[in-house]
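Presented below is the structure to which this report refers.
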Amino acid sequence: MAATVLCSNPNHQQRAMLTLAFKHGTDIVTMHQSLTSLLLSLAILLSGCAMLTPEQDLAPNTKASAKAAEVTRPFPEDAFFDLLIAEVALRSQDLETALDNYTYQAEKTGDLGVITTTAKLAQYLGRDETAATYAKQWADQEPEAAEAYFILSSALSKTTNPLTALPYMVKVLELGGDSNFAALAASALTRPELEQTQFLGELNKQLKLHPSDNSLKIAKALMLQYQKQEDAALALIQEVLNEEPDNPHALLIETRTLSQLGRDADALARLHYAVDQNPHHKRLRHDLARRLVKTDLYQAKAQYEELVRQNPSDRDLLLELMLINRELSNTAEVTAQLKSLNDSPELRSRANYILGRLDEEDQNWQQAISHYLKATGGDEFSKASQRIASISLAIESADKALARLKHLRVNHPEQATHIYQLEAEILRKEARYQQGYDLLSEALSTNTNDDELRYARSLFSEKLGNIDAVEHDLQHLIDRDPNNATALNALGYSIANLNKTRLDEAEQLVKRALELEPNDPAIIDSYGWIMLLKGNISEAVSLLEKAFKQTQDHEIAAHLGEALWLSGDQARAKLVWQEGLKDTPNSPIIMDTLRKLGLFNE
């Protein structure tokens, strides 16, 4: 496995500054002894404060070795400076800088103490490839170091697969360290079914060799639980709990399995016991808090408050507590907690989006819009802007909705394409086709290669009857991607509607699209419509029926109804139009069809 090596010294400037702080001729041996002490402190620090991922939380922590690295040779002066910078970075919580320096010197010096620290720090930061690289070097130099194999196994389970990682965790077990097979099992559960089966088979082999090992039992029970073999999982977990009644990981699997079986009262009782015995176990208390949300919001709030107290840096927990307070109408607490989320734009955005949805449910429309306007970060922005457009259009006016969206677009230019599309959709619904065309032309003036905006403009051109503009935009898309089935279909359909003398050309375009996407109902509808325009009524009915079976879209209903009417099946035609009007009661295309056939008053 290739090491992660920096090409050059990462901190020339810091080293130069530190150099000024020391006189030339400093005793390197003395410095190295100080550094060894610092490395020892770091080893203890990392072993004591390392956090577990959700998967790692299923098994015991490893026992970090507090053994200081043996000095086999004096460090060169430049190595000392890099390592001193790393220590300063550690003390100031600049862990990435610290890791960069340790990684550089681990590769350069090959010193066991530096390699050990690099592996631990990389694991703590979730830099799994780096952790695996230096844990392997650590194990090569110190074959009896159980922790080296533990870090290596944990990292490999994420960077390769659990089967590759398993032998190293077995080595931890054989060396007498605290193993974590459950973390590997949790990783295996994200893999294809065949790999899960293979991993479970390897677990069974190890259980035959180590029948009393509780870590192996917990790992197997976890897999059985996820495979819905609840009775077998509970039996195995009970073996663990008979020996270790307060084992948090066994209790976690037990309570989740009981819940899976529908034994909610038993699960709740066991969760209360588990939290009483393990008051600082985050996953157990979180499970309890979430379960209490369904039965007692006041008790749930108490559990969330304790979780936030124990984990002040976990802003997701604070967000969940804020939502509990919102349900309890604790306005002052909601305001304070929302304010405290301001240091995380992503969480602030998520919180405001959720509050907006809750306000919508309560029909507090203006309050909902107010929250959505603050949901300007992360994945919530696009959803929030859609809700703003929808609410404003419904309770205010189209012009007010457009004004709100323009304000968002101006203040968030990185989201301009998305906002332009929302504005265009409102203008399309309002049949303000020229305004929509002009808006999208404005958008394309600064985003000339935006395919979505260009396609949207072609739809307005089609409504305006401007076949030249339609062809200009859609042919541009086809030139960029000859297999763009959507553009081929749209161009063929538009030509068929706007120039009946070019039906053969339209048919060939849609036929190409259908070859690319043979099951797309929109393309099938286009082809059926062209057949109808060409007078092939029976073929048109067959194609349009196929499209209508997939989706009862009002446009397909209009086409199929017309084809059925012309074929003489007037009763079926009326039923199809009625079906199309269910979701789109004022469908303009169905109304136009009825007018064309002289049926508007029926």
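Under the rule for a side-chain hydrogen bond (donor to acceptor under 3.5 Å, both in side chains), S349 has no partner lying at least two apart in sequence or in another chain. A search for salt bridge (Lys or Arg N to Asp or Glu O under 4.0 Å) contacts involving R315 returns D343, not counting sequence neighbours. In this view, R409 and E423, E442 satisfy the salt bridge (Lys or Arg N to Asp or Glu O under 4.0 Å) rule, not counting sequence neighbours. For D213, there are no side-chain hydrogen bond (donor to acceptor under 3.5 Å, both in side chains) partners at least two apart in sequence or on another chain. Partners of Y304 under the ring pair (Phe, Tyr, Trp, His ring centres under 6.0 Å) rule, at least two apart in sequence or in another chain, are H286. Checked against side-chain contact (heavy atoms from CB on, under 4.5 Å), S385 has the following partners two or more places apart in sequence or in another chain: F381, L408, H418, I419, L422. For A148, the side-chain contact (heavy atoms from CB on, under 4.5 Å) partners at least two apart in sequence or on another chain are W138, A139, A145. For Y353, the ring pair (Phe, Tyr, Trp, His ring centres under 6.0 Å) criterion is met by Y372, not counting sequence neighbours. Not a single salt bridge (Lys or Arg N to Asp or Glu O under 4.0 Å) links D450 to another residue, sequence neighbours left out. Evaluation of the side-chain contact (heavy atoms from CB on, under 4.5 Å) rule for S157 yields A165, L184, S187 as partners, not counting sequence neighbours. Among residues two or more places apart in sequence or in another chain, the side-chain contact (heavy atoms from CB on, under 4.5 Å) test is passed with Q206 by V170, L209, H210, L216.
A 6.0 Å sphere centred on CD of E333 holds more than 12 heavy atoms belonging to other residues, nucleotides or ligands. Taking a 6.0 Å sphere around NZ of K301, one finds it holds more than 12 heavy atoms contributed by other residues, nucleotides or ligands. Residue E193 places its CD atom among 12 or fewer non-hydrogen atoms of other residues, nucleotides or ligands, all under 6.0 Å distant. The number of heavy atoms from other shown groups lying within 6.0 Å of NZ (K383) is above 12.
In this structure the side chain of L258 never reaches within 4.5 angstrom of the side chain of L268, judged on heavy atoms. Taking 4.5 Å as the limit, every side-chain heavy atom of R326 sits out of range of all side-chain heavy atoms of Q337. No side-chain heavy atom of M169 sits under 4.5 Å from any side-chain heavy atom of Y149. Using a 4.5 Å heavy-atom cutoff, the side chains of Y134 and E107 are in contact. Taking 4.5 Å as the limit, some side-chain heavy atom of L251 sits within range of a side-chain heavy atom of Y273. Side-chain contact between V275 and D287 is absent, with no heavy atoms from C-beta onward closer than 4.5 Å. Taking the side chain as every heavy atom from C-beta outward, I237 and T257 never approach each other to under 4.5 Å. Annotation: side chain of M322 is in contact with side chain of L355 (closest heavy-atom distance under 4.5 Å).
There is no side-chain donor-acceptor pair under 3.5 Å between E195 and N161. Checking T255 against R291 by side-chain atom types alone, no donor-acceptor pair falls below 3.5 Å.
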Before giving the answer on side chain to side chain contact (heavy atoms under 4.5 Å, CB included), spell out for N180 and V172 the whole-Å C-alpha distance, their side-chain angles and the decisive distance to 0.1 Å.
-> CA-CA 9 Å; N180 189 352; V172 175; over 6 Å; no
Start with the C-alpha distance between H249 and H281, add both sets of side-chain angles, then the distance that settles side chain to side chain contact (heavy atoms under 4.5 Å, CB included), and finish with yes or no.
-> CA-CA 10 Å; H249 315 294; H281 196 282; 3.7 Å; yes
Can you check side chain to side chain contact (heavy atoms under 4.5 Å, CB included) on L318 and S340, steps first, answer last?
-> CA-CA 9 Å; L318 184 61; S340 70; 2.9 Å; yes
Please step through side chain to side chain contact (heavy atoms under 4.5 Å, CB included) for the pair F199 and L203, ending with a clear verdict.
-> CA-CA 6 Å; F199 186 82; L203 276 184; 3.7 Å; yes
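Taking a cutoff of 4.0 Å between a charged side-chain nitrogen and a carboxylate oxygen, R309 and E305 do not qualify as a salt bridge. Of the charged side-chain nitrogens involved, none lies within less than 4.0 Å of a carboxylate oxygen, so that K294 and D264 do not count as a salt-bridged pair. Salt-bridge check for D359 with R387: failed, with every basic side-chain N at 4.0 Å or more from each acidic carboxylate O.
For residues 226-255, the set of pairs meeting the salt bridge (Lys or Arg N to Asp or Glu O under 4.0 Å) definition, not counting sequence neighbours, comprises K217-E239, E254-R270.
Here the CG atom belonging to L271 is positioned 9.0 Å from the CZ atom belonging to R256, to the nearest 0.5 angstrom.
Between I253 and the options V240, L236, I218, L234, a side-chain contact (heavy atoms from CB on, under 4.5 Å) holds for only I218. Residue V308 is tested with L319, D314, L321 for a side-chain contact (heavy atoms from CB on, under 4.5 Å); the sole match is L321.
A side-chain donor-acceptor contact under 3.5 Å links R285 to the backbone of P279.
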